Amino acid sequence: MVVVCKFGGSSLADAESAGIVKEIVESSSSRRYVVVSAMGSVAVGQRKVTDLLYEISESSRSAEEEVILRHEEFCRGVGYRRCEKVIDEVFGKIHKIRDREYAASRGEYMMARIMSEVLGMEFVDGKDVISFREGKWDVRGSIEKAKRRLEGVEKAVIAGFYGEDENGRIRTLSRGGSDITGAVIANAVDADLYENWTDVSGFMMADPRIVPDPLTIKTITYRELRELSYMGATVLHEEAIFPVRYAGIPINIRNTLRPEDPGTMIVSAAQDYDSE
Ligand code: ADP
Ligand code: ASP
Ligand code: MG
């Protein structure tokens, strides 16, 4: 069995949560491909690293200091020794290249570098798995590119959210786009399951930030999910559905802080539907 796991920023907000991620990944040998987002926010009101990187591309010194400090703290907590080198390399290039999308992509890049060492898996750059053509991300091109890159790779940590275009320029997906990277990888490695680990135990009947304690949906079809997405359920990026739906790969939305919860299963056909 092959499982692709994607961990969102909320699951990788600090070193402590990275430890939980490590436990989850190591608890099953099927979890061979791990897609990571940039560091999310720990406290209410704190900005995500991606938001700070957008500010850095507009020359904010304080945002840069915050990103560096948070990464240094994270690295110390997980025992990653090459932190300074990675930070120097990344910020040197951000200032040299001066491109908004390049800057924004570096949160995922740094997280994948760090987590590949923490998990003892090969690092895979987002530019080698997501392809952009004529200004848009290309589903087929990305799947082919990812297949080539991952051929013979047993275990890998892959940077989500960005890819490369036909001119060799780094381009980002839209916000929440690491979900798309995860779906592309799931298709490319012919996964049996795509686990999407976040900070809720699955899809709920309403946004839990607005309605207290809404019911969690156990199983839902891709078609039903589309309707829910239009209603504002932002748990999973809408475009993450194509690469897995037609390949018949189910998605399981899971909660990193409550790994024992079964979460929500998203399946393709009504016969798989379990309405209990
Ligand atoms: P990640 O950082 O893991 O990608 P996101 O913030 O993108 O996480 O998505 C998870 C969030 O989606 C939850 O914390 C929750 O606040 C929000 N959300 C919105 N609508 C729903 C819903 N219907 N069910 C569950 N969560 C929802
Ligand atoms: N880090 C990016 C964002 O904040 C992508 C993602 O989290 O999926 O939108
Ligand atoms: Mg998300």
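Counting convention: from 1, in listed order, for ligands and their atoms alike. Nothing here was measured: the structure is a model prediction, and the numbers come from that model.
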At less than 4.0 angstrom from any atom of ligand 2, which residues have a non-hydrogen atom? List them by chain and residue number.
S37, K48, T50, E108, F161, R175, G176, G177, S178

With a 4.0 Å heavy-atom cut-off (strictly under), which part of V200 contacts ligand 1: side chain, backbone, both or neither?
side chain

Polar side chain donor-acceptor pair, E154 to Y33, under 3.5 angstrom
no

Short N-O contact, K155 and E122, less than 4.0 angstrom
no

Classify the contact between P208 and ligand 1 as side chain, backbone, both or neither, using a heavy-atom distance cut-off of under 4.0 Å.
side chain

So with a 6.0 Å cut-off around CD of E151, is the heavy-atom count from everything else above 12?
no

Any non-hydrogen atom of G202 lying under 4.0 Å from ligand 1?
yes

What residue pairs, at least two apart or across chains, pass salt bridge (Lys or Arg N to Asp or Glu O under 4.0 Å) with a residue in residues 73-86?
R82-E117

Kindly confirm or rule out an N or O of S10 lying under 3.5 angstrom from an N or O of ligand 1.
yes

Region of R209 that comes within reach of ligand 1 [heavy atoms, distance under 4.0 Å]:
side chain

Proximal ligand 1 atoms for D199, defined as those under 4.0 Å from one of its heavy atoms
10 (C), 11 (C), 13 (C), 14 (O)

Quick one: do the N252 and R254 side chains pair a donor with an acceptor below 3.5 Å?
yes

For the residue pair E65 and S62, confirm or rule out a side-chain donor-acceptor distance under 3.5 Å.
no

Charged N to carboxylate O below 4.0 Å: is that the case for D128 and K145?
no

List every atom of ligand 1 that sits less than 4.0 Å from any heavy atom of T198, numbering the atoms from 1 in the order shown and giving each element.
1 (P), 3 (O), 8 (O), 9 (O), 10 (C)

Non-hydrogen side-chain atoms of Y109 and I170 separated by less than 4.5 Å
no

Taking only heavy atoms of F203 into account, list the atoms of ligand 1 that are under 4.0 Å away from them.
24 (N)

Sub-4.0 Å atoms of ligand 1 with respect to non-hydrogen atoms of G9
2 (O)

Lys/Arg N to Asp/Glu carboxylate O, D190 vs K147, below 4.0 Å:
no

For the pair E166 and R133, find out whether any cationic side-chain nitrogen is under 4.0 Å from an anionic carboxylate oxygen.
no

Indicate yes or no: does E66 engage R47 in a salt bridge with an N to O separation below 4.0 Å.
yes

Who gets closest to atom 23 (N) of ligand 1 by heavy atom: M204, R175, K6?
M204

